[in-house]
Structure formats: structure tokens, C-alpha cells
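Let me begin by presenting the structure, written as C-alpha cells, before commenting on it.
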Protein chains: 2
Amino acid sequence: MNINEVSKRSGLPSKTIRYYEEIGLITPLRAANGYRAFRERDLHKLAFLGRARALGFTIEDCRTLLALYEDSTRESAQVKALAEGHLQAIDAKIAQLQSMRATLAHLVHRCAGDDRPDCPILDDLALVPPPAAPPAG
Amino acid sequence: MNINEVSKRSGLPSKTIRYYEEIGLITPLRAANGYRAFRERDLHKLAFLGRARALGFTIEDCRTLLALYEDSTRESAQVKALAEGHLQAIDAKIAQLQSMRATLAHLVHRCAGDDRPDCPILDDLALVPPPAAPPAG
DNA sequence: CCTTGACCTTCCCGTCACTGGAAGGTCCAT
DNA sequence: ATGGACCTTCCAGTGACGGGAAGGTCAAGG
């Protein structure tokens, strides 16, 4: 299989596939003409990587997951710990975005959005916070 | 004011302040010794930028917001449109993260997380999707 | 006057996971 | 021989900084 076919079958861009080889996630064979010669095994790995990336795992997490996948002596606890860590990271990001969203939605709601310059959004961004109180003592 | 004081009062790292100057968001004066000489106005802008960035606006959005803030003939509709666009982007990110989260949480829940190798998380990542049906016709 | 140490400066590289594009080799059909 | 669709490598850029080196400046203390 050449890279274009693997790209179509894995759903990953050719550029990404070359990049994954460069960082050692896959090691396709080479034909005599220098072209990459992908086996089913490489395609399978790429599909695995595509799904892991779609779940938001970092490349390094993917590397670990791939290693665990290929290690028949793994303990599922290792996989679960990695996934749980990622889940927490996702939750933290969601919380942060929801906090932003709440503030921003409030400001948007208060802005008339007409042809006048008065704008609570800008007013809020420009707010000078009162100087912090000196530490007690 | 030197950069360190501005950093403390704005809450932005010195590196970030230098970067903001480099990309033209602020233009502090220079003292005879080459040190940046910040005015209250620069500090005010930096605080504005810090708050806009905390709401997740991109640097380019911040540039626009700053320009609108300083333009007394602006229409609040411009600000609101920008903020609403950003709100939609945030919503899209939240939705994507929640989708990831749902899938991942389901997998984590099904994984025993013990000393055995069996792992529904890896099984799912390794799933070979059935070949797509050829297009009708 | 000298030293120490806390500042300040610029410059360059690294991050993360790719993406775009240039320059050039290969293959296959005409 | 030619064209076009492949393939290759290499280099540069993305966003928004952060780390760190090499070197200039300033104020205090001895």
C-alpha cells in the first residue's frame, strides 16, 4: 500500500502519516524506489492513533496506549489510569470554558449591540480593579 | 515604571509584555538606558488585554477590541458581534469536549482497571470499522 | 572604587501537532 | 517522449508564549 491509499483508509492526511513515522509511532517498510510500503499492521496502528487522537489524547499518550496495546502482559489498570487522567484534564478544560462562557454570555446579554458606542463588554474589560488590600499584619 | 512593576500590577509575565510590544499591541516609551518606560496608559492596556485573554479571545480579537475601545465613534454592535462569534466558538469547543468526555467516560467505566490485560478502552481504540458501503447508484 | 545582586536588554530555540509548499524523483498510460 | 498523478525530502509557519544565554545598568554596601 502506498501512502495515499493508507490515507484514505485510515482517514488521516498523508502529512500526518509521515509525521507519525518521523516521531516513531509507525515504521512502514520501504520499497526499492523509496516509497513507503505500508502493511495492514501499519494501517491498523494508524486507525488506532486516529481514534485515540479523536478522543483528545496527546501524541505521547497515544504512544503509551499503543505500547500498552501491543503488550500482552499489560494490566488494564495502567490503561484506565491514563484514561482517567485524560478525563480529568478534559473536565478541567470544560469547566474553564464554561466559566468563560458564563462571563461572556452575561456581557453579551447586557450589550445593546446598536449604533451607539456605549458598550458594557468594553467597560468590563477596561475595569480598573481596586488595589489589593495589604496583607493582614 | 519598569517592566517588573508593570508585570506585578497587570498580572502578566514580563515575557508576555515584551511579546505584546513586539506584535504592536502596546508601544511603551524608552528611557535613555534602553529600558522600557511604561505609562499608566500602557498598564491600563495590558490589564485590558489580560482580561480579554482570560475570556479566551485570540490575540487578533484583542487587537480589534483594543482598537474599538479606543475608537469613540465605534458602534457597540461591532463589539457585540465579535463577542458573539467568540461565544459560538466556545460553545463549539465545549460541545466537542463533552462528546469526547462522554465516549471516554463510558470506556473508563467499562474497564476493570485491575491486573489483567483485558481492556475495553484498548479494544475500542483498536476496533476495525466495517468497510463503508459503496455509494448508492 | 569595587563588588554583588537584582534588574534590564536582545536573540534564539522549543513548545504541540501538524500544514503548506517547493524542488525533485517515479510510475504509468498515451 | 510527454503528461499527470503519484511519491520523496526539506524547510518554514502556525498561536501565544516560555526558557535560557549573553551581556548592559543600577543601587547599595564595604
Side-chain angles (χ1 to χ4, degrees), chain A residues 1-39 42-43 45-46 48-66 86 89-90 92-93 96-97 100, chain B residues 1-39 42-43 45-46 48-66 85-86 89-90 93 96-97 100:
Chain A
M1 264 183 293
N2 281 349
I3 200 167
N4 205 21
E5 185 181 346
V6 175
S7 169
K8 279 169 192 155
R9 287 176 57 183
S10 69
L12 296 174
S14 304
K15 278 281 192 183
T16 299
I17 297 173
R18 291 197 192 95
Y19 174 65
Y20 286 176
E21 179 187 13
E22 187 187 329
I23 63 175
L25 287 177
I26 55 169
T27 45
L29 302 177
R30 291 289 175 144
N33 57 12
Y35 288 16
R36 287 172 183 81
F38 295 86
R39 295 152 290 181
D42 300 313
L43 178 57
K45 272 196 188 186
L46 288 169
F48 183 103
L49 290 167
R51 269 184 291 270
R53 291 288 298 130
L55 287 181
F57 285 103
T58 66
I59 288 287
E60 285 317 303
D61 280 351
C62 289
R63 195 189 298 278
T64 304
L65 286 170
L66 212 45
H86 181 45
I90 289 177
K93 272 191 196 165
Q96 191 197 0
L97 285 170
M100 283 181 187
Chain B
M1 264 183 296
N2 281 350
I3 201 166
N4 206 22
E5 186 182 346
V6 176
S7 169
K8 278 168 193 154
R9 287 177 56 183
S10 69
L12 296 173
S14 305
K15 279 280 191 183
T16 298
I17 297 172
R18 292 198 190 95
Y19 174 66
Y20 286 176
E21 180 188 12
E22 187 189 330
I23 63 174
L25 287 177
I26 55 169
T27 45
L29 302 176
R30 291 289 175 145
N33 58 11
Y35 288 17
R36 288 172 183 80
F38 295 87
R39 294 152 290 181
D42 301 313
L43 179 56
K45 273 196 188 187
L46 287 169
F48 182 102
L49 289 168
R51 269 185 291 269
R53 291 285 300 130
L55 286 180
F57 285 102
T58 66
I59 289 287
E60 285 316 303
D61 280 351
C62 289
R63 195 188 299 278
T64 304
L65 286 170
L66 213 45
H86 181 45
I90 289 177
K93 272 191 196 163
Q96 191 197 357
L97 285 171
M100 281 180 187

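Each chain gets a letter, A, B and so on, in the order its sequence line appears, and its residues count up from 1.
Separating the CD1 atom of I17(A) from the P atom of dA17(C) is a distance of 17 Å, rounded to the nearest angstrom. With rounding to whole Å, K8(A) atom NZ is found 10 Å from dC6(D) atom C1'. Look at CD on E5(B): it is 16 Å from C1' on dC26(D), rounded to the nearest Å. If you measure from atom CG of L46(B) to atom C1' of dC17(D), you get 15 Å, rounded to the nearest angstrom. A straight line from CG of N2(B) to C1' of dG24(D) spans 14 Å, rounded to a whole angstrom.
Every residue meeting the side chain to side chain contact (heavy atoms under 4.5 Å, CB included) condition with N33(B), not counting sequence neighbours, appears here in chain and number order: A31(B), Y35(B). Under the salt bridge (charged side-chain N to carboxylate O under 4.0 Å, His left out) criterion, E22(B) pairs with no residue, sequence neighbours left out. Partners of L66(B) by side chain to side chain contact (heavy atoms under 4.5 Å, CB included), not counting sequence neighbours, listed by chain and number: K45(B), F48(B), L49(B). For D42(B), the side chain to side chain donor-acceptor pair (under 3.5 Å) partners two or more places apart in sequence, or in a different chain, are R39(B). Scanning for side chain to side chain donor-acceptor pair (under 3.5 Å) contacts around E5(B) gives R9(B), with sequence neighbours left out. Remark: R36(B) pairs with E21(B) by the side chain to side chain donor-acceptor pair (under 3.5 Å) rule, at least two apart or across chains. Residues passing the salt bridge (charged side-chain N to carboxylate O under 4.0 Å, His left out) test with R63(B), sequence neighbours excluded: E60(B).
With a 4.5 Å cut-off on side-chain heavy atoms, Y20(A) and I59(A) count as touching.
Using a 4.0 Å cut-off on heavy atoms, the residues of residues 18-30 of chain B that approach DNA chain C are R18(B), R30(B), listed by number.
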Exercise for the section: Sugar-phosphate means primed atoms, P, OP1 and OP2; the rest is base. With that split, encode nucleotides 22-30 of chain C 5' to 3' as B, S or - using protein heavy atoms under 4.0 Å. Expected result: ---BBS---
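Put simply, the side chain of H86(B) gets close to the backbone of L55(B): a donor and an acceptor are under 3.5 Å apart.
Residue R36(A) places at least one side-chain N or O under 4.0 Å from the OP1 or OP2 atom of dT8(D).
Contacts classified as salt bridge (charged side-chain N to carboxylate O under 4.0 Å, His left out) and involving residues 10-20 of chain B (residues at least two apart or in different chains) are not found.
Using a 4.0 Å heavy-atom distance criterion, S14(B) is classed as making no nucleic acid contact.
Listed candidates were dC8(C), dG18(D), dC18(C). Nearest to the side chain of T16(A) is dC18(C). When each of dC6(D), dA17(C), dT9(C) is scored by its nearest atom to the side-chain atoms of N4(A), the top-ranked nucleotide is dC6(D). Among the nucleotides dA17(C), dC7(D), dC17(D), the one closest to any side-chain atom of R53(A) is dA17(C).
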Exercise for the section: Decide side chain to side chain contact (heavy atoms under 4.5 Å, CB included) for I26(A) and I17(A); before the verdict, give the C-alpha distance in whole Å, the side-chain angles of both, and the deciding distance to 0.1 Å. Expected result: CA-CA 8 Å; I26(A) 55 169; I17(A) 297 173; 4.0 Å; yes
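Across its full length, the helix from dC1(C)-dG30(D) to dT30(C)-dA1(D) shows an angle of 40° between the axes of its 5 terminal pairs at either end, rounded to 10 degrees.
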